[in-house]
Amino acid sequence: MRRLRNRLAGALLSVLALSLTATGCAGSSGAASGAGDPTSSPAGASVANRVEPLAGRPEPRLPVTVPSADGERVTVRAAERIVPLSGSLSEIVFTLGLGDRVVARDVTATFEQAAKLPVVTRGHDVSAESVLSLKPDLVLAETTSGPEEAVDQIRAAGVPVLFVEAAKGLDDVGPRIGAVADALGVPAAGKELTRRSERRIEAVRQDVPHGEKPRVAFLYLRGSASVYLIGGKDSGAGSLIEAAGAVDAGAASGLDKDFTAITSEALVKAAPDAILVMSKGLESVGGVDGLVKIPGVAQTPAGMDRRIVSVEDGVLLNYGPRTDQVLESVVAQLYGEDGAK
C-alpha cells in the first residue's frame, strides 16, 4: 500500500517526464521577466548543467545489506553497473564520484555527464526489458518509480533493487545521499557529500535578504496538455520557498493538497507577489506573455509586476547535491542583484 500511495503522489512527475521527452531535456536558465524588470536573473543565477563530484574516487566496500524504503532489506554484492531510475539519484551517484559505473539514465537525468547514457524509461515508467538488457548489478529507484510489475520483473531476474524515499523537501537531501552512499559501499563519501551539500545550502540561506516575506506561488504548467496547477502544502516546493525567505502562497491560502487546478479564485486568494515555475512549463504556455493570459494570473501582484522565477525542470525539486544552486537561483531571481524586494 505504501508504494501505491507514493506512486499516486508521483503522478505529477509522470506528466513532467512525458513533457521532457516531448520537448527535450535541456532547461533554460535565468528568470523570465519583462524587459527592464528589476527582478530579472543576475549573471550566475542559473543552475550549472554539470554536477561537481567529490575530490578523489571512493572505492566501494561490498557486499553490504541495507534497508530499502519499500520495507525490504537489500544485499548489494557489486556496483560496477548501476542503473538509477531518477535524475536525482543519478546526480547523487555521479557526485559521489561513481558516475563511471552508471550504465543508463532516466529521462529526468538532464545534467551533462549523464547525457549520452541510454534512457531506460518511457515517460516516467520503467522499461524492465531495457534495464535488464544492460545487465545491471544494482538498480536505484524512487518510491514513486513504477510500474510495480516492471520493478518486480527486474527483481525476479536477480538484480538488487534499492528504493529510496522520494524527496519532499530540503530535509531530505542528506538522508537520500546517505541511503545511496551506504548501498554503494561508500558511507564515508556519503557523509562528506552530505556535509558539503548542507554547508552550501546554509551559506545561501545566510545571504537571503531579511524583511517582509514575499508570497510565492508554485505553478505547474504544461500548456500542450492543458495542465495548469497551483501547488499547495504537499507540492514539494514549500521548503525551498521558505528557505528563500518567502511564504508558500498556495499553502498559506489553505490549499492542503499537493496540487489544485488553477482558478481565478484560487489565485486571487493566494495573492502571490512572485510565481515560481519550471522553465519548460513556462515555455509551454508561451513564456511570460502566455502565463499572464491564464485566468487570474494577471490580477495577482506577481502577474501585474511580471515577477516570475523559473528554474530548470530536471533540477528544481530534485533535492540533491545541486540544491544549493537551485536555492541560489531562486533567491537571486526573487530579490534581484541588490537584494531589494
Side-chain angles (χ1 to χ4, degrees), residues 9-34 37 39-41 46-47 87 107-108 110 123-124 214-238 240-241 244 246 248-251 253 255 257-318 326 329-330 333-334:
L12 181 69
L13 291 177
S14 300
V15 179
L16 165 60
L18 285 168
S19 63
L20 282 171
T21 304
T23 58
C25 293
S28 62
S29 61
S33 51
D37 190 326
T39 62
S40 61
S41 175
S46 62
V47 179
V107 70
T108 59
T110 60
H124 197 62
R215 294 172 63 87
V216 178
F218 174 44
L219 302 188
Y220 184 85
L221 310 170
R222 283 298 176 263
S224 58
S226 298
V227 175
Y228 309 105
L229 306 173
I230 180 172
K233 184 176 65 175
D234 297 323
S235 71
L240 183 67
I241 291 170
D248 183 338
S253 69
L255 298 178
K257 298 193 301 181
D258 49 2
F259 288 89
T260 302
I262 289 176
T263 64
S264 297
E265 293 77 14
L267 284 171
V268 167
K269 188 174 181 180
D273 300 302
I275 289 172
L276 172 65
V277 292
M278 294 178 177
S279 56
K280 285 294 180 183
L282 185 61
E283 291 173 14
S284 77
V285 297
V288 177
D289 289 340
L291 175 60
V292 297
K293 293 177 183 178
I294 294 174
V297 171
Q299 286 69 49
T300 66
M304 288 185 281
D305 293 339
R306 299 169 68 89
R307 194 176 184 187
I308 313 300
V309 176
S310 69
V311 178
E312 293 86 343
D313 303 47
V315 72
L316 176 59
L317 299 181
N318 266 6
V326 174
S329 177
V330 171
Q333 296 179 68
L334 186 57

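Each residue takes its place number in the sequence, starting with 1.
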N318: partners by side chain to side chain donor-acceptor pair (under 3.5 Å), with sequence neighbours left out: E91
Under the rule for side chain to side chain donor-acceptor pair (under 3.5 Å), what residues qualify as partners of D289, not counting sequence neighbours? R306
Kindly compute the distance separating [atom1] ([X]) from [atom2] ([Y]), expressed to the nearest 0.5 Å.
X	Y	atom1	atom2	answer
D248	S235	CG	OG	5.5 Å
L221	L291	CG	CG	6.0 Å
I294	L219	CD1	CG	7.0 Å

Do [X] and [Y] come close enough that some side-chain heavy atom pair is under 4.5 Å?
X	Y	value
Y228	V285	yes
K280	R222	yes
L316	F218	yes
V309	V216	no
L334	R307	yes

List the atom of [X], the atom of [Y], and the distance in Å for their closest heavy-atom pair.
X	Y	value
S264	G296	OG-N, 3.5 Å
I230	A261	CG2-O, 4.5 Å
V288	L282	N-CD1, 4.0 Å
V297	I275	CG1-CD1, 4.0 Å
V292	G303	CG1-O, 4.0 Å

Between L317 and M278, is the side-chain contact (heavy atoms from CB on, under 4.5 Å) condition met? List the steps. CA-CA 9 Å; L317 299 181; M278 294 178 177; 4.2 Å; yes
Evaluate V311 against V47 for side-chain contact (heavy atoms from CB on, under 4.5 Å), listing each step before the verdict. CA-CA 8 Å; V311 178; V47 179; 4.2 Å; yes
Got a donor-acceptor contact below 3.5 angstrom from the S310 side chain to the S279 backbone? no
Identify each donor-acceptor pair in which a side-chain atom of residues 265-274 lies under 3.5 Å from a protein atom, sequence neighbours left out, and give them as a table.
{"unit_1": "K269", "atom_1": "NZ", "unit_2": "S253", "atom_2": "O", "d": "3.4"}
{"unit_1": "D273", "atom_1": "OD2", "unit_2": "R215", "atom_2": "N", "d": "2.8"}

Residue pairs passing the side chain to side chain donor-acceptor pair (under 3.5 Å) test where at least one lies in residues 292-304, sequence neighbours excluded: none
Candidate pair D258 and L229, rule side-chain contact (heavy atoms from CB on, under 4.5 Å), full reasoning: CA-CA 10 Å; D258 49 2; L229 306 173; over 6 Å; no
